[in-house]
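Below is one structure, written out as structure tokens, with a few remarks after it.
Model, not experiment: these values are computed from the prediction. Side chains included, hydrogens not; waters and symmetry mates left out as well; all remaining heavy atoms used.
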Amino acid sequence: MPAYDYPQDLLDAQAALDAVQAERDRFAQSLPWSAELLPGWTADKKLHSDYRPKKPDSPGYTPEQAERLSAYRARILKLTTQVLTHPYWATLSGPDRVEARTVLKHAHDTSAGPDA
């Protein structure tokens, strides 16, 4: 895979996007299963299993939780737009642009393989 000479502001925007998405995901895991107030439920037993899917009552999101989630979405949209509309992409075309975008998405990954 070829190396790309990304501008620092593009790398920074991608790193910020990754960080905000991870923070949003951690926050979302703490939320009730439904944004709205809904009663819990239990489904029918699954075939060849004793497992019965169920959910407890959901109190819905508090106004603060909904506002925080909305703020994450707005920040993610802003950063995504910043990354996707960066002038750097005009320097590439066709498959090179697609590959460079894919490589950028993983530019901040750290490897902890056997050689690390």
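At least one donor-acceptor pair under 3.5 Å links the side chain of D57 to the backbone N or O of G40. Using modelled atom types, no side-chain atom of K78 and backbone atom of Q82 make a donor-acceptor pair closer than 3.5 Å. Between the side chain of T81 and the backbone N or O of L77, at least one donor-acceptor pair lies under 3.5 Å. Y4 places no side-chain N or O within donor-acceptor distance of the main-chain N or O of R101, the cut-off being under 3.5 Å.
Residue Y6 holds its OH atom at 5.0 Å from CG of L104, rounded to the nearest 0.5 Å. Taking OG1 of T80 as the reference point, atom CZ of R73 lies at 13.5 Å (rounded to 0.5 Å). Separating the CZ atom in R24 from the CZ atom in R68 is a distance of 12.5 Å, to the nearest 0.5 Å. Q21 contributes atom CD, which lies 11.5 Å from atom CD of E23 (distance to the nearest 0.5 angstrom). Rounded to the nearest 0.5 angstrom, D109 CG and D18 CG are separated by 7.5 Å.
Put simply, L38 and L69 are part of two different groups of oily side chains (I, L, V, M, F, W, Y) that touch within less than 4.5 Å, one to the next. Cluster membership for I76 and F27, using ILVMFWY side-chain heavy atoms within less than 4.5 angstrom, is shared. Neither V98 nor L10 shares a network with the other; the hydrophobic side chains, linked directly or stepwise wherever heavy atoms of I, L, V, M, F, W or Y lie under 4.5 Å apart, form separate groups for each. When hydrophobic clusters are built by joining Ile, Leu, Val, Met, Phe, Trp and Tyr residues whose side-chain heavy atoms come closer than 4.5 Å, directly or via intermediates, W89 is grouped together with L11.
Considering all non-hydrogen atoms of both residues, R97 and L92 come closest at NH2-O, 2.7 Å. The two residues K46 and P53 come nearest to each other via the heavy atoms CE-CG, 3.5 Å. In plain terms, the two heavy atoms of P32 and Y61 that are nearest each other are O-CE2, 3.5 Å. When all heavy atoms of L37 and P59 are compared, the pair lying nearest together is CD1-CA, 3.9 Å.
Remark: K55 NZ is loosely packed, at most 12 non-hydrogen atoms of other residues, nucleotides or ligands lying under 6.0 Å away. Heavy-atom contacts from other residues, nucleotides or ligands closer than 6.0 Å to CG of D25 number more than 12. Remark: Q8 CD is packed, more than 12 non-hydrogen atoms of other residues, nucleotides or ligands lying under 6.0 Å away.
Looking at heavy atoms from C-beta onward, T102 lies out of side-chain contact with E99 at the 4.5 angstrom threshold.
Classification of the W33-W41 ring pair by plane angle, with boundaries at 30° and 60°, yields perpendicular.
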